[in-house]
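Notes follow once the structure below has been shown.
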Amino acid sequence: MEKVLFYRCEKCGNMVVSLGEGVGAISCCGQPMNALVANSTEAAGEKHVPVAVIEGEKIEVNVGSVDHPMTVDHYIEWVALATGKKVEIINLKPGMKPKAVFTFDITEDEADEIEELGANCEGQPCTFSYDDNPAEKIDVYAYCNIHGLWKAEI
Ligand SMILES: [Fe+2]
């Protein structure tokens with residue numbers, strides 16, 4: 001994806017993900033939604049900037065080099081992975097670890113499971129695998145309900 005933007009409605013909290021370079025206005029609750037601007041450095045960065053480690057077929061993301069709190073009042077709502085091929089979002093809840101694991105490339109067992117589930121990939125093989133150079137740019141995002149959007153590049 002050339003450009004991934006996250007929009008949030010300031011009234012209701014609804015989130016919208018935009019893929020591409022479109023300049024059209026997005027609105028919710030009768031008012032324009034503004035694209036969130038990701039932080040990557042700041043005093044509180046150690047608890048917000050996602051830290052990603054590639055472990056074989058998995059990309060393990062921890063939010064913060066020091067774990068971010070996961071209380072009802074203050075927590076990481078979601079973690080997202082964006083590459084040239086896909087955007088994947090994992091929702092988190094209070095009480096969970098500020099952690100998300102993404103599949104970098106699926107195993108045969110996972111492929112069989114997807115087939116058994118009857119996944120429909122519009123005539124394309126349902127592999128969801130990355131055959132691009134894994135060194136391509138991978139962006140990882142974390143959204144804190146209080147401190148907003150944070151981003152790191154792998
Ligand atoms: Fe926070």
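Note that the structure is predicted; figures quoted are calculated from it, not measured. Each ligand, and each atom within it, is numbered from 1 in the order the structure gives.
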Other residues, nucleotides, ligands: >12 heavy atoms within 6.0 Å of Glu153 CD: yes

message: Quick check: closest heavy atoms across Asn39 and His147, and the distance to 0.1 Å?
response: ND2-O, 3.9 Å

message: Can you tell me how far apart CD1 (Ile146) and CD1 (Ile76) are? Round to the nearest 0.5 Å.
response: 10.0 Å

task: Output yes when Lys86 and Glu88 qualify as a salt bridge under the 4.0 Å nitrogen-oxygen rule, no when they do not.
output: yes

query: Around the Fe ion (ligand 1), how many protein N/O/S atoms fall inside 2.8 Å?
result: 5

- prompt: So, do Leu19 and Val87 sit near enough that their side-chain heavy atoms are less than 4.5 Å apart?
  reply: yes

- prompt: Would Val51 end up clustered with Leu81 when hydrophobic side chains under 4.5 Å apart are linked, directly or stepwise?
  reply: no

